Amino acid sequence: MIAHHPDDALLMAYAAGRTDEAHGLVIAAHLFFCAQCRASVALMEKIGSELLEDIAPEPLKDDALNTALARLETIPPTPRRRDVSADGTPLALRPYLGGDLRDVRWRKMGPSLAYFPILRRGSTSVRLLRGAPGTEVGAHTHRGMEYTLVLRGGFHDVTGSYAPGDLQVADASLRHSPIADAGTDCINLAVTTASLKFENLIQKIAGPLFGF
Amino acid sequence: MGYLRCKSLAGSMIRRGSACVKSAMLAYAHPVPPPTAILLRMTRAGLEMDALLARVAGFRDRAAFAVLFGHFAPRIKAYLMRLGAGPAQAEDLAQEAMLSLWRKAHLFDAAKASAGTWLFTIARNLFIDAIRREKRPELDADDFMPEADAPPDDALALAEGEGRLRGALKLLPPDQAQVIALSFFADKPHSQIADELGIPLGTVKSRLRLAMARLRTAIGEAP
């Protein structure tokens with residue numbers, strides 16, 4: 001059961017096509033897990049179609065239909081694409097990983113933490129993070145927003161407990177120190193819109209080296 | 001004379017089953033028009049557009065395509081212009097959206113969405129690609145964790161839900177309706193929408209949340 005969801009404003013931005021690639025990816029991956037938010041996005045898309053229905057139409061050029069009809073015969077139908085994942089990786093993620101989660105070429109950051117960079121656009125970064133059971137990510141605050149979606153395992157911090165599919169949205173006001181749950185590795189998809197502010201001296205120095 | 005023949009034919013049909021009677025009476029009442037003409041006479045309801053789209057998928061029906069084009073292309077052009085496209089670009093993209101419909105009609109699943117909703121997502125994705133120039137990470141329609149998903153509605157239930165949604169949208173308080181419309185028609189983050197309306201971001205978000213709660217209730221989903 002998913003306990004932590006994106007809010008309606010974020011889902012609406014996604015449904016209306018206003019999210020950038022980084023936010024779009026974390027929402028698409030959350031939807032893979034969450035029937036409730038899939039229903040919300042489906043409803044928002046219906047709202048979009050109602051607004052489209054009510055819009056004052058803008059006439060096309062006189063020959064627009066004939067131009068389209070003339071092109072129809074030259075267009076082959078799009079083949080039915082069936083991408084599949086062998087380990088339950090959300091399909092939206094696969095093109096960014098070059099395969100499934102189990103194929104990811106992790107980069108080590110110390111004995112129990114690893115990461116994989118997915119995307120960097122301006123000050124926004126998307127990456128996978130993997131922590132061994134019990135790993136503590138040092139206390140930090142945020143200069144921007146941090147979105148963390150659990151893909152495997154789980155973690156907990158002052159705000160609660162997060163399991164696969166749960167999305168944590170942290171803003172500049174949150175100071176936290178997430179700890180990976182016992183049992184299995186915790187794998188998260190994380191979007192940050194600005195670098196993090198670590199409190200521990202070593203992480204303060206190492207963070208920027210790894211692009212955090 | 002014709003009436004009598006019809007009546008006696010109907011009488012013989014009755015002994016064989018009432019469904020036959022009905023179709024025989026109908027056949028006598030009007031010669032069967034070509035199917036596309038029937039569709040053209042139907043009211044402009046969502047189901048009609050769905051039927052036309054099914055004909056494009058099943059028969060590559062150009063006449064059905066022409067009706068869909070006449071209805072949707074000028075709306076898609078208007079929608080893209082609202083989002084900042086120039087008239088020429090919006091026209092090209094509206095063409096592109098309709099050709100996409102022709103290419104992908106066989107992938108359309110009437111149990112999941114109406115033709116109108118599907119066209120909206122096609123137009124929205126063109127907006128993302130061509131105007132925002134972003135990549136859209138695709139949620140594959142069938143890619144999700146197989147868990148407690150509600151069984152899919154049939155197309156009729158879907159159309160009824162859309163009818164209720166249409167009614168509920170018209171009844172939204174103006175300040176909520178405005179935030180919904182700006183969410184779709186202004187290519188701006190909610191923070192900027194808030195600035196322009198001269199209200200705090202929290203108010204924009206709460207209006208959106210209230211509106212969504214009403215609409216979820218209207219279509220019978222738990223708020």
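Below, chain A is the first sequence line, B the second, and so on; all start at residue 1. What you see is a predicted model, and the numbers here were worked out from it, not measured in a lab.
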Taking all heavy atoms of [X] and all of [Y], pick out the closest pair and write down the distance.
X	Y	result
B:Glu91	A:Lys61	OE2-N, 2.9 Å
A:Gly24	B:Pro137	C-CG, 3.7 Å
B:Arg62	A:Leu69	NH2-O, 3.3 Å
B:Arg216	A:Ser40	NH2-OG, 2.9 Å
B:Lys77	A:Pro59	NZ-O, 3.0 Å
A:Ser49	B:Thr117	OG-OG1, 3.3 Å

With a 4.5 angstrom heavy-atom cut-off, which part of [X] approaches chain B: side chain, backbone, both or neither?
X	answer
A:Met44	both
A:Pro76	backbone
A:Ala56	backbone

Which answer fits [X], side chain, backbone, both or neither, if we ask what part of it has an atom under 4.5 Å from a heavy atom of chain A?
X	value
B:Arg209	both
B:Tyr79	both
B:Phe69	side chain
B:Ala90	neither
B:Thr121	side chain
B:Pro189	backbone
B:Ile219	side chain

Check whether any side-chain heavy atom of [X] sits under 4.5 Å from a side-chain heavy atom of [Y], and report yes or no.
X	Y	value
A:Asp7	B:Leu208	no
B:Met81	A:Ile55	no
A:Arg18	B:Asp187	yes
A:Ile47	B:Met212	yes

Quick one: pull up [atom1] in [X] and [atom2] in [Y] and give me the separation to the nearest 0.5 Å.
X	Y	atom1	atom2	answer
B:Leu169	A:Leu51	CG	CG	6.5 Å
B:Phe120	A:Glu53	CZ	CD	13.0 Å
B:Trp102	A:Thr78	CH2	OG1	13.0 Å
B:Glu134	A:Arg121	CD	CZ	5.5 Å
A:Ile75	B:Lys104	CD1	NZ	11.5 Å
A:Asp8	B:Arg207	CG	CZ	15.5 Å

**Complete:** Answer key: most heavy-atom pairs under 4.5 Å with chain A among B:Arg132, B:Gln95, B:Met98 is B:Arg132

**Message:** For chain A, which candidate among B:Ser183, B:Gly116, B:Ser100 shows the most heavy-atom pairs at distances under 4.5 Å?
**Reply:** B:Ser183

**Message:** Salt bridge or not between A:Glu45 and B:Arg124? Use side-chain N to carboxylate O under 4.0 Å.
**Reply:** yes

**Request:** Identify whether the distance between the nearest side-chain nitrogen and carboxylate oxygen of A:Glu58 and B:Arg82 falls below 4.0 Å.
**Result:** no

**Whether over 12 other heavy atoms sit under 6.0 Å from A:Asp62 CG** = no

**Item:** More than 12 heavy atoms from other groups under 6.0 Å of CZ on A:Arg102
**Value:** yes

**Item:** chain B interface, residue from A:Leu25, A:Leu60, A:Asp20, A:Thr19 that has the most non-hydrogen pairs under 4.5 Å
**Value:** A:Leu60

**Choice from A:Ser85, A:Ala15, A:Ala39, A:Ala13 maximising heavy atom contacts with chain B below 4.5 Å** = A:Ala15

